[in-house]
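I have placed the structure first, in the form of structure tokens, so that the comments after it can refer back to it.
Note that the structure is predicted; figures quoted are calculated from it, not measured.
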Amino acid sequence: MTSLPRPRRRALAAALAAATFTMAAPAMAQAAAPTKAPISAQQRVPQAALATITWSLQKAPNPTPDQQDAYNRITSAMNAAVARYNNLSDLGKNITVQYNPGVPTADGNINGTIRFGNRAYMTERTALHEIAHTIGVGTSGRWASLTSGGTWQGAEANRLVRQYDGASAKLSAGGGHFWPYGLNYDNEFSQTAADRHVNIVAAMVRDGL
């Protein structure tokens, strides 16, 4: 076979190399790791958010009609309140709920117990308020040291109140409760106030509650 001149040999070699690269490229692309879609800021869940509030209701083995009615009301109130806390905060607590007709209203304890008595208080507003007590509002050993002169001393919770109500706003605290947004009375409840209540309780925890 007649040999090609050297310049043509080089050109042919270059053409073959280019053809080989073009054929191999798809195989290389298929072997590459798939590109993941970027995660938005809203999709990112901080590690601390793994904590959640859970609850259970203690029931009589054979509830009376009165008890069953109370259980239904309490379940509705607690489901709404716990869902709101878990949606807006990374707080964690295991709560045991009881129906006790001897309780005039409702109460919450840092040991994780909530008792409902009066049906007028078997509402989301009350459930949110009592969950705050189980978290430490008015019940934590740090409560007294973080309240002075009727005012909450923590920077995080006060920053939120100023954000909500203006630069001169402050978070008042006393008698085991706080305001505004403490949901201490039915006329304080709204969807906005309920959300802010949860945010402030979470900020109190960050303040060291």
Side-chain angles (χ1 to χ4, degrees), residues 51-60 63-144 146-147 150 152 154 157 160-161 164-165 171-207 209:
T52 56
I53 293 175
T54 61
W55 75 281
S56 60
L57 177 61
Q58 292 183 340
K59 296 182 179 181
T64 65
D66 170 79
Q67 289 172 324
Q68 190 58 59
D69 177 70
Y71 296 159
N72 292 342
R73 293 170 185 261
I74 291 169
T75 297
S76 178
M78 286 297 299
N79 279 342
V82 168
R84 194 183 298 267
Y85 263 98
N86 287 338
N87 183 51
L88 297 175
S89 79
D90 59 5
L91 298 172
K93 194 78 179 183
N94 297 320
I95 298 172
T96 300
V97 181
Q98 303 169 350
Y99 168 47
N100 186 332
V103 175
T105 56
D107 57 38
N109 192 294
I110 198 168
N111 68 6
T113 299
I114 293 176
R115 303 185 305 168
F116 288 91
N118 191 320
R119 274 171 170 69
Y121 294 88
M122 296 175 183
T123 63
E124 183 187 358
R125 192 279 303 174
T126 304
L128 289 165
H129 178 93
E130 301 307 338
I131 290 172
H133 285 312
T134 71
I135 298 296
V137 171
T139 57
S140 166
R142 297 291 311 278
W143 175 260
L146 285 164
T147 57
W152 180 258
L160 268 185
V161 171
Y164 296 149
D165 297 336
L171 186 61
S172 299
H177 298 89
F178 69 88
W179 61 94
Y181 308 115
L183 303 184
N184 303 298
Y185 302 99
D186 284 340
N187 62 8
E188 296 178 44
F189 184 83
S190 70
Q191 296 301 316
T192 297
D195 286 352
R196 292 179 177 183
H197 169 86
V198 173
N199 291 335
I200 288 174
V201 172
M204 287 178 153
V205 172
R206 293 196 298 273
D207 282 333
L209 182 64

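- Taking 4.5 Å as the limit, every side-chain heavy atom of Val103 sits out of range of all side-chain heavy atoms of Tyr121.
- Looking at residues two or more places apart in sequence or on another chain, you find a ring-ring contact (aromatic ring centres under 6.0 Å, His included) between Tyr181 and Tyr164.
- For residues 68-105, no pair satisfies ring-ring contact (aromatic ring centres under 6.0 Å, His included), with sequence neighbours left out.
- One side chain, Thr113 or Asn111, offers a donor N or O that lies under 3.5 Å from an acceptor on the other.
- Interatomic distance, OG1 of Thr134 versus CD1 of Ile53, reported as 6.5 Å (0.5 Å rounding).
- Nearest heavy-atom pair across Ala157 and Leu171 is CB-CD2, 3.6 Å.
- For Trp143, the ring-ring contact (aromatic ring centres under 6.0 Å, His included) test picks out Trp152, with sequence neighbours left out.
- We find the CD1-CD1 distance between Ile114 and Ile95 to be 4.5 Å, quoted to the nearest 0.5 Å.
- Side-chain atoms of Thr139 come within 3.5 Å of backbone N or O of His133 as a donor-acceptor pair.
- Contact record, Asn118 with Pro104: CB-O, 3.0 Å, taken as the closest heavy-atom pair.
- With hydrogens and angles ignored, the 3.5 Å screen pairs a side-chain donor or acceptor of Lys93 with a backbone N or O of Ile110.
- Defined by atom type and a distance below 3.5 Å, a donor-acceptor pair is present between the side-chain atoms of Asn94 and Thr54.
- Nearest heavy-atom pair, Arg119 versus Asp66, reported as atom, atom and distance to 0.1 Å: NH2-O, 2.6 Å.
- The two residues Glu188 and Ala193 have their closest heavy-atom pair at O-CB, 3.4 Å.
- With hydrogens and angles disregarded, no donor-acceptor distance shorter than 3.5 Å links the side chain of Asp90 to the backbone of Ala51.
- His197 meets the ring-ring contact (aromatic ring centres under 6.0 Å, His included) test with Phe178; sequence neighbours excluded.
- Here the closest non-hydrogen pair linking Ala81 and Ile131 is CB-CD1, 3.8 Å.
- With hydrogens and angles ignored, the 3.5 Å screen pairs a side-chain donor or acceptor of Arg125 with a backbone N or O of Asn184.
- With values rounded to the nearest 0.5 angstrom, Ile135 atom CD1 is found 12.0 Å from Met204 atom CE.
- Rounding to the nearest 0.5 Å gives a distance of 10.5 Å between OG1 of Thr123 and NE2 of His129.
- If you take CZ on Phe116 and CE on Met78, they are separated by 6.0 Å, rounding to the nearest 0.5 Å.
- Atoms OG1 and CG, on Thr126 and Leu183 in that order, are 9.0 Å from each other to the nearest 0.5 Å.
- Evaluation of the salt bridge (charged side-chain N to carboxylate O under 4.0 Å, His left out) rule for Asp207 yields no partner, not counting sequence neighbours.
- Shown here are the salt bridge (charged side-chain N to carboxylate O under 4.0 Å, His left out) partners of Arg84, two or more places apart in sequence or in another chain: Glu124, Asp195.
- Considering only heavy atoms from C-beta on, Pro180 comes within 4.5 Å of Asp165 through its side chain.
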